[in-house]
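Before any comments, here is the structure.
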Amino acid sequence: MASTPGGSGGIDALAVEARRFPPPAAFVREALVRDASLHEEGRRDPVAYWARHARELLDWSTPFTRTLEWEAPFARWFSDGRLNASYNCVDRHVLAGRGDRVAIHWEGEPGDVRTVTYAELHADVQRFANVLLRLGVRKGDRVNVYLPMIPEAVVAMLACARIGAAHSVVFGGFSAQALADRINDARAKVLVTADGGWRRGEVFPLKPQADVAVASTPTIEHVVVVRRGGNPVEMTPGRDVWWHEAMADAPAECPAEPMEAEHLLFLLYTSGTTGKPKGIMHTTGGYLAHVATTFRYVFDHHPDRDVYWCTADVGWVTGHSYIVYGPLANGATQVIYEGVPNHPGNDRLWSLVAKYGVTIFYTAPTAIRTFMKWGTQEPAKHDLSSLRLIGSVGEPINPEAWIWYHEHIGGGRCPVVDTWWQTETGGIMISPLPGATVTKPGSATHPVPGVGAEVVDESGTPVARGGGYLTLTTPWPGMLRGVWGDEQRYRDTYWSRFPGRYFAGDGAKLDDDGYLWLLGRVDDVMNVSGHRISTTEVESALVSHPAVAEAAVVGANDATTGQAIIAYVTLRGGQRVGEADLRAHVATEIGAIAKPKTIYFTPDLPKTRSGKIMRRLLRDVAEGRNLGDTTTLADASVVDELQRRAHETPAED
Ligand code: WTA
């Protein structure tokens with residue numbers, strides 16, 4: 001068993017993964033990047049690398065002459081340039097004669113469809129920008145968006161960008177209280193919502209929640225309501241307007257106003273596990289350059305023939321960067337789907353891949369592990385041969401889930417891009433480039449060109465090999481510009497742990513070949529008899545057992561070993577395995593030190609609404625504590641079930 005070569009209290013690197021996947025020859029032949037030259041360019045001069053891409057991939061109304069001004073921890077990118085994000089995502093494609101290209105193949109959960117071309121998007125964005133102006137929204141204001149996954153969400157965001165109002169999108173699954181907190185923190189003037197949206201065969205109401213929220217948000221002057229669910233809603237005269245009525249009245253033309261590159265584009269709140277949500281600030285030029293560049297290279301995007309699909313919700317940063325700004329800046333054709341993946345059947349996503357001929361598919365490990373649970377017969381029902389590249393984001397992807405994805409969704413022929421990044425980084429930071437990088441299942445491989453990352457130990461010294469803390473060493477264009485209204489929190493949260501470095505909060509290890517492996521949030525690291533063990537590695541060892549679909553591991557207080565490893569395991573459909581067998585399996589995979597003391601079998605795991613496993617709650621369950629706030633859970637009943645099982649403690653061996 002390997003232990004920490006990095007020494008001084010990093011994180012032990014235990015797992016070894018030997019499988020390698022070079023880019024397939026057929027893929028490389030057509031790939032935008034086929035060798036190390038782009039990485040070399042980025043290494044030589046990251047600032048020049050980003051300047052070149054900002055010039056080549058974006059249209060500027062005033063070209064910039066200053067690329068980066070860096071007064072740590074504050075960066076300004078392209079600051080004397082001007083551009084408009086909505087112009088870059090829409091107008092210029094229409095002006096170039098591509099107005100007939102489909103921007104969005106939209107599919108509602110009940111099966112209704114809409115096809116939105118770039119010309120139609122252009123018309124809608126202009127009209128809605130005029131609606132916002134008529135409602136009193138001006139450059140520098142904030143607009144809240146609380147919508148289902150419908151094209152209006154994209155239109156609303158781009159319309160804000162067009163007139164220089166920052167949007168703050170709140171995921172439609174969040175409660176009235178969460179919405180009110182975010183509106184009040186942002187001091188938003190207008191709220192854009194819908195009557196309701198479709199989910200799991202039913203309409204979930206949004207407007208009634210919005211009404212509750214707006215009762216305690218003094219800054220909201222108007223509420224715009226899209227009719228989608230058809231559910232009854234109350235409209236407050238003078239305050240509320242229907243989207244379709246306001247659009248019908250609005251002038252057709254609204255020129256895109258050039259914005260300073262550092263003009264605030266949006267706020268997006270991250271909840272984290274503790275504390276008040278932070279309004280992460282992103283500005284126009286740097287953010288757009290970062291997401292446009294990474295979208296193009298990481299997804300090897302060919303606008304004339306690719307059909308792209310990212311399954312995220314616009315309420316998360318993945319939806320902002322890789323549904324709205326990155327793809328549209330590149331003139332992409334994409335699929336947007338409103339509903340859940342198991343309605344009406346567990347094969348809904350695969351039927352859509354076949355229907356639209358999706359070539360690039362981007363989803364989350366939590367979804368992949370759910371597909372594993374549902375079984376290989378679901379994707380096998382459909383022709384997925386249009387796919388040529390598949391990606392993952394949001395959590396560490398366990399090697400076994402990676403292999404399953406590669407085989408059963410990618411047909412063994414598609415490169416897999418495991419992309420590491422955060423709300424705060426704005427865009428992808430660590431990822432293979434699919435035509436150039438030899439991948440290893442479970443490793444996000446290397447920083448993308450123009451990005452600097454290092455793994456450091458407790459004292460902030462870089463480690464050449466082994467486990468530690470992931471830090472970013474140089475400013476990048478998509479980096480957050482701060483926490484809305486709280487500069488101190490920005491400094492404390494991201495820049496104080498390791499002076500001069502951005503600390504992401506994640507553990508990572510470097511293997512012998514210099515590949516990066518993400519080990520999860522450092523708050524989740526366990527200390528067992530003095531060994532710092534990452535929950536991710538033990539989870540991956542469990543998931544590598546053929547009977548296991550998903551696992552969550554936590555360290556619970558233990559009189560003997562400091563912390564003991566407790567595992568919660570979900571089996572694949574129709575599979576059985578004993579606790580002792582699984583413990584032995586972990587011992588074989590990564591060593592006896594990592595054997596869980598106790599394993600609970602459970603049909604589900606508690607997750608945040610964006611699909612991340614909530615280990616903090618599992619720790620509370622394991623240590624018999626009363627549970628605090630469970631309102632950020634996707635399904636709170638899962639925890640009751642786990643608590644019930646914890647009381648029927650299984651035998652330990
Ligand atoms: C985790 C999502 C491992 C990580 C874009 C990060 C990942 C947090 C990966 C940010 C990945 C995201 N491998 N871990 N490929 N991608 N994470 O802000 O812990 O919702 O810090 O942004 O997700 O989550 P956020």
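Note that ligands are numbered from 1 as they come in the structure, with each ligand's atoms numbered from 1 the same way.
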Check your understanding: Between F371 and Y405, does the ring centroid distance fall short of 6.0 Å?
Key ->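 No - the distance between ring centres of F371 and Y405 does not fall below the 6.0 Å cut-off.
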**Study point:** Pair Y325 and H282, ring centroids less than 6.0 Å apart
**Key:**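 That pair fails the under 6.0 Å test.
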**Study point:** Numbered atoms of ligand 1 (with element) below 4.0 Å of T419, judged on heavy atoms
**Key:**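 Selected atoms, number and element: 9 (C), 11 (C), 15 (N), 16 (N).
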Check your understanding: If you measure from atom 15 (N) of ligand 1 to every heavy atom of T536, D418, T270, which option wins on shortest distance?
Key ->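 Nearest heavy atom to atom 15 (N) of ligand 1 lies in D418.
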List the closest protein heavy-atom neighbour of [atom]: residue, atom name, distance to the nearest 0.1 Å.
{"atom": "atom 11 (C) of ligand 1", "answer": "E395 O, 3.4 Å"}
{"atom": "atom 6 (C) of ligand 1", "answer": "D506 OD2, 3.3 Å"}
{"atom": "atom 3 (C) of ligand 1", "answer": "P396 N, 3.0 Å"}
{"atom": "atom 18 (O) of ligand 1", "answer": "T423 OG1, 2.6 Å"}
{"atom": "atom 8 (C) of ligand 1", "answer": "K612 NZ, 4.0 Å"}
{"atom": "atom 10 (C) of ligand 1", "answer": "W421 O, 3.6 Å"}

Exercise for review: Side-chain contact test, heavy atoms from C-beta onward, threshold under 4.5 Å: evaluate it for Y297 versus I428 and give yes or no.
Suggested key: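 No, side chains not in contact.
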**Study point:** Side-chain heavy atoms of W402 within contact of I368, under 4.5 Å
**Key:**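 No, every pair of side-chain atoms sits at 4.5 Å or beyond.
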Review point. Would W316 count as a contact of ligand 1 if the rule is a heavy atom under 4.0 Å away?
Key: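 Contact absent.
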Check your understanding: For ligand 1, is there an atom lying under 4.0 Å from some heavy atom of G394?
Key ->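 The answer is yes, since G394 has a heavy atom less than 4.0 Å from ligand 1.
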Review point. Regarding T419 and Y362, is there a side-chain donor-to-acceptor distance under 3.5 Å anywhere?
Key: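 The answer is yes; a qualifying pair exists.
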Practice item. Establish, yes or no, whether the cationic atom of R609 lies under 6.0 Å from the six-membered ring centre of F171 and within 45° of the ring axis. Key: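 Output no; distance or angle outside limits.
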Check your understanding: When the ring planes of Y469 and F498 are compared, do they come out parallel, tilted or perpendicular, using 30° and 60° as the limits?
Key ->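 Answer is tilted, since the angle falls between 30° and 60°.
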Check your understanding: What part of I430, side chain, backbone, both or neither, has a heavy atom within less than 4.0 angstrom of ligand 1?
Key ->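 Neither part.
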